Protein chains: 2
Amino acid sequence: MAKIRLCVEHPLGQGQTVPLERDQAHYLFGVMRQGEGTMVALFNGRDGEWQAEVTQAGKRGGELVCRSQSRPQSHPPDLWLLFAPIKKARTDFIVEKAAEMGAAKIQPVQTEFTNAERIRRDRLQAHAVEAAEQCGATHVAEVEDLVKLDRLLADWPEDRQLMVCDEAFADASYGTPDGAPRPLSDAPRGAWAVLIGPEGGFSPAERRRLHSQPFVWPVQLGPRILRADTAAVAALTLWQATLGDW
Amino acid sequence: MAKIRLCVEHPLGQGQTVPLERDQAHYLFGVMRQGEGTMVALFNGRDGEWQAEVTQAGKRGGELVCRSQSRPQSHPPDLWLLFAPIKKARTDFIVEKAAEMGAAKIQPVQTEFTNAERIRRDRLQAHAVEAAEQCGATHVAEVEDLVKLDRLLADWPEDRQLMVCDEAFADASYGTPDGAPRPLSDAPRGAWAVLIGPEGGFSPAERRRLHSQPFVWPVQLGPRILRADTAAVAALTLWQATLGDW
């Protein structure tokens, strides 16, 4: 079995020839010092994973031929991760972790207390691809452009549930008639999103707005304050273990 | 309420004077530009959290006086995190995350496939202190010196359960008579540890040895391969949500 996995755009199938782009040729033949005859695992998010043999190795490109399918295409849960961007390195981590944890879509969200006003979508997408290559997934999480939270809630698809992680929810009566939050295990399966708040917390107006949405499921992540990247993994773990594919 | 939190060695109590060490004086007065009259939250892992006022601010030291207790001392679950050190930045992350997630002890473990043969315990301990300062905890996770896995298992305290995260456990019949792993929710509360395997996995001998221990609870973290730092947060989340203080 190939040890190196690459995500490609090209269709994959029995005997299919797959050209390599310059960057990937540089990585495979330059950095990893592989050559003709090497087996590489390829996936494209549609056709599963294929064991492919390098048939041409050059400095600026190369070619592989698909020999056999090693995994069928997987269909991850319909889960979005929504998060407020933070410092560059930790934003990169959140994207990497969301991809590993099986999120289908990664949506950066601008809240009132979000510091980062811009993200580099292409750079974050590259991190998601790299995480997919490394974690053995056959799909790649899609990274979206930054959207304001208000806008996102205004356009919210009514059949998608939203798990909101907010330590202040504990103080607010919400959910069941006695004020206790509805347990996640009672929630419907299907389309979901998980929202991680900004490090400065949600604003009072944002909190009120989130509270009033029927699709919102508030969740608390323990008695300590978690950094946003820790909270992202913890929230996705709870979701995957309760409603997802774990 | 003070925004800056500092972990100190000195006893804390009503009216108690607390000297500041050089590093903390530099941080508080140099980096953060605070001075006399500033309120700072102090904790030492024994006496809870205190609001303290700066009464002397100097370049090489300073002094605070405890004015009022703002939190009682918390007693986190008796949970150790055992992990095989990986690359420096990710090892730092694991320690930071374990501290945020409320581990009482962080134990680096050398397995057959662990690359890092040395760790800097003092540096990792400083990361755990910083994480405690930032996450609002009143206790600090203790970082231990690197120990070989064999040694650790030979000296294992018999009343401590061990949750082992290993994707290969799925293939091995272990646990209940029909081969399904025992569910964590059936496990006893009390003293626990969570073991995250090295990125290269456990060796066959290690796996056999872990399998044969009555205190081992194997857990699988989903169908994708998680990096060790992601796995640490995911495993601690499962444990905290099922058996801990969440």
Side-chain angles (χ1 to χ4, degrees), chain A residues 3 5 71-72 74-77 79 89-90 92-103 130-141 165 167 170 183-185 199-200 219-242 244-246, chain B residues 3 5 71-72 74-77 79 89-90 92-103 130-141 165 167 170 183-185 199-200 219-242 244-246:
Chain A
K3 290 213 167 165
R5 299 183 85 239
R71 291 185 203 208
S74 71
H75 298 281
L79 176 65
R90 288 194 189 261
D92 291 354
F93 258 76
I94 290 181
V95 169
E96 174 190 301
K97 264 78 195 101
E100 281 178 47
M101 296 293 297
E130 210 184 299
E133 288 175 344
Q134 122 107 31
C135 79
T138 53
H139 67 278
V140 177
C165 303
E167 70 272 17
L184 207 58
S185 51
E199 303 228 308
V219 166
Q220 241 203 312
L221 302 173
R224 286 159 296 273
I225 301 160
L226 303 183
R227 283 180 194 263
D229 53 339
T230 316
V233 179
L236 291 170
T237 300
L238 285 185
W239 189 88
Q240 287 284 17
T242 315
D245 67 0
W246 282 27
Chain B
K3 292 212 166 166
R5 299 183 86 239
R71 290 185 204 209
S74 71
H75 298 281
L79 176 64
R90 288 193 190 261
D92 291 353
F93 257 77
I94 290 181
V95 170
E96 174 191 300
K97 264 80 195 100
E100 282 178 47
M101 298 292 298
E130 208 185 301
E133 288 175 342
Q134 122 107 33
C135 79
T138 52
H139 67 278
V140 176
C165 304
E167 70 272 15
L184 206 58
S185 50
E199 304 229 308
V219 165
Q220 241 204 313
L221 301 173
R224 286 159 296 273
I225 301 159
L226 302 184
R227 284 180 193 262
D229 53 338
T230 316
V233 179
L236 292 170
T237 300
L238 285 184
W239 189 88
Q240 286 285 18
T242 315
D245 68 359
W246 281 27

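First the proteins, then the strands, lettered A, B, ... as listed; each starts at 1. Please read these numbers as outputs of a predicted model, since none were measured by experiment.
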Specify which of B:Gln134, B:Arg227, B:Met101 makes the most heavy-atom pairs with chain A at under 4.5 Å. B:Arg227
Mind ranking A:Pro76, A:Ala234, A:Ser74, A:Gly136 by heavy-atom pairs under 4.5 Å with chain B and telling me who comes out on top? A:Ala234
I'd like to verify something: which residue of A:Pro223, A:Ala232, A:Ala137, A:Ala131 has the highest number of heavy-atom pairs under 4.5 Å with chain B? A:Pro223
For the residue pair [X] and [Y], establish whether any side-chain heavy-atom pair is separated by less than 4.5 Å.
X: B:Leu221; Y: B:Thr230; value: no
X: B:Thr138; Y: B:Arg5; value: yes
X: B:Val233; Y: B:Asp229; value: no

Under 4.5 Å from a heavy atom of chain B, the part of [X] involved:
X: A:Leu236; value: neither
X: A:Ala241; value: side chain
X: A:Glu100; value: both

Does one side chain, of B:Ser185 or B:Thr242, offer a donor that lies under 3.5 Å from an acceptor on the other? no
If you take all heavy atoms of A:Arg224 and B:Trp246, which pair is closest and at what distance? NH2-NE1, 3.9 Å
